[in-house]
Amino acid sequence: MHARLAGKRETTVSAPEGRAALADRYPRIIKPHDPSAVPANMPDYAAARRTFSWEGARGLLDGLPGGRGLNIAHEAVDRHVPGPRADRDAIRWLGRSGERRAFTYRDLKAATNRFANALSGLGVQAGDSVFVLSGRIPELIIALLGALKAKCVVSPLFSAFGPEPLATRLTIGEGRVLVTTASLYRRKIAPLRGSLPKLEHVIVVPEAGEAPAAGTLDWRRLVDGQSPDFTIPPTDPEDRALLHFTSGTTGRPKGAIHVHEAVVTHTVTGRCALDLHDADVFWCTADPGWVTGTSYGIIAPLTNGVTSVVAEAEFDAATWYGILQNERVSVWYTAPTAIRMMMKLGAEAVRGYDLSALRFMASVGEPLNPEAVVWGQQAFGRPFHDNWWQTETGGIMIANFASMDVKPGSMGKPLPGIEAAIVQRDPGGSFMIVDDPMVEGELALKAGWPSMMRGYLHEEERYRKCFAGPWYLTGDLAMRDSEGYYWFVGRADDVIKTSGHLIGPFEVESALLEHSAVAEAGVIGKPDPMAGEIVKAFVALKPGFAPSEALRRDLLGHARKRLGAVVAPKEIDFAATLPRTRSGKIMRRLLKARELGLPEGDLSTLESDLR
Ligand code: ATP
Ligand code: MG
């Protein structure tokens, strides 16, 4: 079967004990089944899948009063007011220098209404494009939800972008309104203004020490005096709501279009995959500039009526553990890159904190190495629950559920309502579904869930190429085991072909990460006249370890023992740090381009301090 995936000679190999043994190497983490768990948390996964329907899930939401449709902001905010949640904190904001601001659902309703009224006052219409550019501040959330109330299409931008990626996105998204802060405006937008003729209104959140800039609107003057009442106009569930750019890990970022109906997925997955219960304090560490920061940093916690912690601080272990302790966070959603940084500092650093409120920890964005899952168990007394999704899917598709045993290294199982498959392309170019367990192929999802993208902005052809009949092709390679758990292999673009074998970089990186000296690993295929490609690894070391020939030999030996000679890297280079996207993903294509002295391609999403 593998031969059909990529031409005649190729077969897939993996660690000598075989992939099926991966789960045994890291014993599964067995969960006590909690009888008090609400049905949405699926004590019985199989039954939940059988009985689930998206029409039924729609019943978790209210819809606009009077049957006037479905609007994300109504579900996130207005429907809780009045009601038992009205005076609960919706947002608890923690500023960089220790400031705190809390917004109850009632406050948030009034604040988002004021913003929607402000937009209407400016003549902004339904369907107009509103961009938001700021760090994690309450105004960003208010602007995003307020603009959704006014039926604008909202696009969050990452605040650390330079002028070039900002200009590109504002131009292709035809931004009419931009909401930003005074310092970001001065540094990044003012120099671009002349090249953005469509950008009519820039609303600026004032900051201490920043003078008001000509040609901008002061948030306080524009918004604060508005009426706290606003009636959301009728909203068709298919009306455009969000434009999200992908991370640009594999190339030029794509603008994925999402509609109001996506809120059904956000709400369901918040319950199923993130285990949100009514009284939870939830913390999503993702930046609002990426899809996770919107779907789960803003929408899912609010539609589920929980309290959402919004922390301005970037990663710093002491600050983060302090937040978990002091806010009594019960559900925490973070990313492998942060987890690896915590691992670097050791489990000891967690010990001094009272994390007794913490019940559920989840991770997304990159493959979560099995070592990291097990480390979570050691350091926090509970595993990280990996889950998988993409900008395009709008919400979590595959997850390790609260009620499910965790197999370290597996992404988990598809959510109710999500049909997943492993597909392979036959030599004639058509696709076939692979039913055998532990066979690699492209991960495909049957289109039709509410938060599926409705297109790539201005890129009809690129969008069309994502489909084979009813199946959406994700561009990721994976396999499914006999129990239905999915295992990530690598991105289709990153797979290494060596001496007729296909090797996924993730397995090699995970093996290297088991070595006590390794903090991070990135693995690529390096062209080779004999083998086609050889496996080459780039390794960043933990504090206290220095690059040396002896360590290199030790790492090569470790990898060979663990993976076998075919899969283990032939070359290892030490690097101070690995190039990452701003959303925290290792950019293997850049490691490769640099190795080969090729053009570096689109670097708009590269973390600038790593250039
Ligand atoms: P681009 O599409 O522009 O190359 P990107 O794919 O990194 O960028 P995102 O939509 O932010 O943009 O990321 C989705 C991708 O991240 C997935 O397709 C997958 O490759 C990776 N990913 C996300 N979660 C996981 C996970 N739990 N395990 C493995 N990979 C993951
Ligand atoms: Mg992608």
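The shown structure was predicted, so the numbers you read here are calculated from the model rather than taken from an experiment. Each ligand, and each atom within it, is numbered from 1 in the order the structure gives.
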- Query: Within a radius of less than 6.0 Å around CZ of Arg240, do more than 12 heavy atoms belonging to other residues, nucleotides or ligands occur?
  - Reply: no

- Query: Would you say ligand 1 has an N or O under 3.5 Å from any N or O of Pro253?
  - Reply: no

- Query: Heavy-atom distance under 4.5 Å between the side chains of Cys466 and Glu392, does that happen here?
  - Reply: no

- Query: Tell me: protein heavy atom nearest atom 10 (O) of ligand 1, and distance?
  - Reply: Thr391 OG1, 2.5 Å

- With only distance considered, is Lys254 within less than 3.5 Å of ligand 1 through an N or O on each side? yes

- Going by the order shown, which atoms of ligand 1 are within less than 4.0 Å of some heavy atom of Asp386? 26 (C), 27 (N)

- Message: Counting non-hydrogen protein atoms only, what is the nearest one to atom 29 (C) of ligand 1? Give residue, atom name and distance.
- Response: Pro367 N, 3.1 Å

Which donor-acceptor pairs under 3.5 Å do the side chains of residues 156-168 make with protein atoms, sequence neighbours left out?
| unit_1 | atom_1 | unit_2 | atom_2 | d |
| --- | --- | --- | --- | --- |
| Thr168 | OG1 | Glu164 | O | 2.8 |

- Item | For atom 16 (O) of ligand 1, the protein heavy atom that lies nearest, with its residue and separation | Lys585 NZ, 2.9 Å

- Item | atom 17 (C) of ligand 1 [closest protein heavy-atom partner, distance rounded to 0.1 Å] | Asp476 OD2, 3.2 Å

- Task: Over 60° means perpendicular and under 30° means parallel, so classify the ring planes of Phe380 and Trp375, tilted if in between.
- Result: perpendicular

- Trp389 and ligand 1 - part of the residue with a heavy-atom distance under 4.0 Å: backbone

- Item | Numbered atoms of ligand 1 (with element) below 4.0 Å of Val364, judged on heavy atoms | 24 (N)

- Could you tell me the residue and atom name of the protein heavy atom closest to atom 4 (O) of ligand 1, and the distance to it rounded to 0.1 Å? Thr250 OG1, 2.4 Å

- Message: Side chains of Leu133 and Leu170, heavy atoms from C-beta outward: is any pair under 4.5 Å?
- Response: no

- N/O donor-acceptor pair under 3.5 Å between Thr498 side chain and Glu533 backbone: yes

- Of the protein's non-hydrogen atoms, which lies at the shortest distance from atom 24 (N) of ligand 1, and what is that distance? Gly365 N, 3.2 Å

- Please work out whether the ring planes of Trp283 and Trp332 are parallel, tilted or perpendicular, with thresholds of 30° and 60°. parallel

- Item | For ligand 1, the portion of Thr249 having any non-hydrogen atom under 4.0 Å away | both

- Message: If I take atom OG1 from residue Thr391 and atom CG from residue Leu242, how far apart are they, to the nearest 0.5 angstrom?
- Response: 12.0 Å

- Task: Give every residue pair that meets the ring pair (Phe, Tyr, Trp, His ring centres under 6.0 Å) criterion with at least one member in residues 457-481, sequence neighbours excluded.
- Result: Tyr463-Phe467, Phe467-Tyr472

- Note on the structure: protein heavy-atom neighbour closest to atom 25 (C) of ligand 1 works out as Trp388 CD1, 3.5 Å

- Query: Among protein heavy atoms, which sits nearest to atom 15 (C) of ligand 1, and what does the distance come to when rounded to 0.1 Å?
  - Reply: Arg491 NH2, 3.4 Å

- Is it true that a side-chain atom of His385 and a backbone atom of Ala273 form a donor plus acceptor pair closer than 3.5 Å? no

- Atoms in ligand 1 flagged as close to Asn387, the criterion being non-hydrogen separation under 4.0 Å: 24 (N), 26 (C), 27 (N)

